[in-house]
Amino acid sequence: MFFFNLSIKLILIEMSTKPTIIITGGAGFIGSHTCIELANDFELIVIDNLYNSSQQSIDKVQKLINQKIIFYQEDLLNLNKIDSIFEKHQPEAVIHFAGLKAVGESIQKPLFYYQNNLNSTLSLLEVMKKYQCYNLIFSSSATVYGSQQSPLREDMDIGQGVTNPYGQTKFMIEIILKDVCISDSRWRIISLRYFNPVGAHPSGLIGENPNDIPNNLMPFILKVAINNNTSVHLGDQFNQLKIFGSDYSTQDGTCERDFIHVVDLAKGHLAALQKIDQLSGYHVFNLGTGKPISVLEMVKTFERVNQVLVPYQLSDRRPGDLEVCFCDPQHTKDILKWETEKRLEDMCLDAWKFQKLNPRGF
Ligand code: NAD
Ligand code: UFG
C-alpha cells in the first residue's frame with residue numbers, strides 16, 4: 001500500500017512526497033542505524049524520550065543522510081502527546097524500537113520494565129488504530145525462544161524458560177500483537193527477532209552508546225580496548241574483560257552467539273517494510289547470521305583485525321546465560337529476501353572505529 005507498487009512509488013518520489021514512517025526509539029542504537037537505511041524511501045519521524053540515547057545521534061544521522069528527521073523528544077507513555085503526533089503526521093507505518101533492554105536491570109526493577117515496555121506498546125497500538133495506521137514492525141528478541149536448542153526457528157514455541165522481566169515483555173508483546181491481528185484483518189504486524197546486534201555504521205559517527213556500564217560483550221570489549229590501547233582511561237573496571245564461563249560444551253569452552261552487524265540488521269527492517277503489504281496478519285522473522293561465534297573467537301578476531309590488545313580473564317559462568325544461541329535464517333531469506341552481508345571482521349572494525357572516535361560516548 002505504501003511502499004510496494006513501484007510505479008506509484010516512483011511518482012511519489014518524483015513529487016518528493018515520500019510515505020511517512022514513525023520510528024519509536026529512533027535515537028537508540030538500532031533505531032538510528034535503521035533511520036539511515038530508510039531515509040531514501042521514507043519521511044522519518046522519530047519519537048524517543050532519550051532515556052538511553054542522546055539528541056546527538058539524531059543530529060549525526062541527519063548529517064549522514066543529508067536530510068531532516070522530524071524529532072519528538074517524548075515518552076510513549078504520554079498518550080495525548082503521541083496522539084497529537086499521529087494526528088499531525090498520519091503515518092503509513094511504525095517501527096517500534098522504543099523499550100528498555102537491560103536484562104540485569106529488569107530483574108532489579110521489574111515494574112519499571114513491565115510498565116514501560118508493555119504500556120508504551122499498548123498506547124501505541126491504540127493510537128495506531130485510531131488513526132488507521134495498521135502496519136507495524138516490532139523489535140523482538142531471540143530471548144523469546146528461552147533455552148531451546150539452536151538453531152532456533154520461527155515455528156518453535158516461545159515463552160518457555162524466559163528468565164527475566166525484559167524477556168517476558170518481549171514474549172508478552174508478541175502475544176498481544178498476535179491477538180490484535182486476529183481481532184482485525186487490517187493489521188499487518190511483523191516481529192523481528194534479533195539475535196546479537198553489534199558493530200556500528202562504517203562512518204564511525206554512530207554506534208552503540210549505552211548510558212550505563214555495559215553488560216553486553218561488545219561494548220565491554222570496546223571499553224577494555226580503549227583503556228589498554230589509547231591514552232584515554234575509562235575507569236579501572238575496564239582494565240580487563242571477564243569472560244563468563246570457559247567450561248561450556250562448546251569448541252573452546254566459551255558461550256556461542258549469533259552476532260549480527262547492526263547495518264545488516266537495519267537493512268532487515270527495510271526488507272520487512274518492502275514485504276509487509278503482501279503479508280496479512282501476524283508474522284515473525286529471525287534476524288541473525290545463523291553462524292555461532294564463540295566469545296573467545298570474538299575477542300581474538302577483535303584483537304587481530306584492529307591490532308589491539310584486549311586483556312581478559314576466564315571467570316565463572318554468568319547466571320542465566322545460554323550455552324549456545326543462534327538462528328536458522330532460512331525463513332527470513334525465503335520470505336523477506338534478506339540475508340546478512342557483513343563479516344565478523346566488519347563488526348569488529350566498525351565498532352572499534354566508532355569507539356576510537358567517541359571514546360567516552362556522546
Ligand atoms: P536502545 O536503548 O539503544 O534504544 C531504545 C530507545 O528507546 C532508546 O533511545 C530509549 O531512549 C528509547 N525509549 C525507551 N523507552 C521509551 C519510551 N517509553 N518512550 C520513548 N522512548 C523510549 O536499544 P537498542 O539496542 O537500539 O534496541 C532497540 C530495540 O531492540 C529494543 O526494543 C530492544 O529491546 C530490542 N532488542 C535489542 C537487542 C540488542 O542487543 N541491542 C536485542 C534484541 C532486541
Ligand atoms: N560476556 C562475557 N563478558 C562480558 C559480557 C558478556 O563473557 O563482559 C559473554 C556472556 O556471558 C555471553 C556472551 O558474552 O556468553 C554474550 O553476552 P551479551 O550480554 O552480549 O548478550 P546475551 O546473548 O547474553 O544477550 C543478548 C541481548 C539480550 C537478549 C539476548 C537474547 O543482550 O537483550 O541476547 O538472546 F535478550
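These numbers were taken from a predicted model, which means no experiment stands behind them. In each ligand, atom 1 is the first atom listed, and ligand 1 is the first ligand listed.
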Cut-off 3.5 Å, side chains only: do [X] and [Y] have a donor facing an acceptor?
| X | Y | answer |
| --- | --- | --- |
| T121 | H96 | yes |
| Y131 | H89 | no |
| S139 | Y194 | yes |
| D258 | N196 | no |
| R193 | Y145 | yes |

Check your understanding: Is the NZ or CZ atom of R317 both under 6.0 Å from the centre of the six-membered ring of Y248 and within 45° of that ring's axis?
Key ->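 Cation-pi check for R317 and Y248: passes.
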Protein heavy-atom partner closest to [atom] - residue, atom, separation in Å:
| atom | value |
| --- | --- |
| atom 18 (N) of ligand 1 | N116 OD1, 2.8 Å |
| atom 5 (C) of ligand 1 | G99 O, 3.8 Å |
| atom 34 (O) of ligand 1 | Y166 OH, 2.9 Å |
| atom 7 (O) of ligand 1 | A98 CA, 3.3 Å |
| atom 40 (O) of ligand 1 | P197 CD, 3.3 Å |
| atom 1 (P) of ligand 1 | N52 ND2, 3.8 Å |
| atom 26 (O) of ligand 1 | I30 N, 2.8 Å |

[X] heavy atoms, cut-off 4.0 Å: which ligand 1 atoms fall inside?
| X | answer |
| --- | --- |
| S53 | 8 (C), 9 (O), 11 (O) |
| G28 | 3 (O), 4 (O), 9 (O), 26 (O) |
| G25 | 6 (C), 7 (O) |
| S139 | 29 (C), 30 (O), 32 (O), 35 (C) |
| L50 | 11 (O) |
| Y51 | 11 (O) |
| L76 | 17 (C), 18 (N), 19 (N), 20 (C) |

Closer than 3.5 angstrom, by distance alone: can the side chain of [X] be matched with the main-chain N or O of [Y] as a donor-acceptor pair?
| X | Y | answer |
| --- | --- | --- |
| D264 | I260 | no |
| N286 | D328 | yes |
| N216 | P219 | no |
| T250 | T254 | yes |

**Study point:** Pair E43 + K18: basic N to acidic O under 4.0 Å
**Key:**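 So E43 does not pair with K18 through a salt bridge.
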Point to revise | Pair E87 + K81, salt bridge at N-O below 4.0 Å | key: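 No, no charged N to carboxylate O under 4.0 Å.
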Hey, can you tell me if [X] and [Y] have their rings parallel, tilted or perpendicular (30° and 60° cut-offs)?
| X | Y | value |
| --- | --- | --- |
| H33 | F29 | perpendicular |
| Y134 | W187 | perpendicular |
| Y51 | F112 | perpendicular |
| H331 | F285 | parallel |

Ligand 1 contact by [X], heavy-atom criterion under 4.0 angstrom:
| X | result |
| --- | --- |
| E74 | yes |
| S140 | yes |
| K170 | yes |

What are the distances between nitrogen or oxygen atoms of ligand 2 and protein nitrogen or oxygen atoms, counting only those under 3.5 Å?
unit_1	atom_1	unit_2	atom_2	d
ligand 2	3 (N)	K242	O	2.7
ligand 2	7 (O)	K242	O	3.4
ligand 2	7 (O)	F244	N	2.9
ligand 2	11 (O)	D321	OD2	2.5
ligand 2	17 (O)	R318	NH2	3.4
ligand 2	19 (O)	N216	ND2	3.0
ligand 2	19 (O)	R318	NH2	2.8
ligand 2	20 (O)	N216	ND2	3.4
ligand 2	20 (O)	L217	N	2.8
ligand 2	21 (O)	N196	ND2	3.2
ligand 2	23 (O)	N196	ND2	3.0
ligand 2	23 (O)	R257	NE	2.6
ligand 2	24 (O)	R318	NH2	3.0
ligand 2	32 (O)	N216	ND2	2.7

N/O to N/O below 3.5 Å, does that happen between [X] and ligand 1?
| X | result |
| --- | --- |
| S120 | no |
| N49 | yes |
| F97 | yes |
| D48 | yes |
| F29 | yes |
| K101 | yes |
| A27 | no |

Exercise for review: Would you mind telling me which of T340, D350, D346 makes a side chain to side chain donor-acceptor pair (under 3.5 Å) with H261?
Suggested key: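 Per the side chain to side chain donor-acceptor pair (under 3.5 Å) rule, the option paired with H261 is D350, out of T340, D350, D346.
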Practice item. Measure centre to centre between the rings of F195 and F326, then say whether the value is under 6.0 Å. Key: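 When the ring centroids of F195 and F326 are compared, they turn out to be at least 6.0 Å apart.
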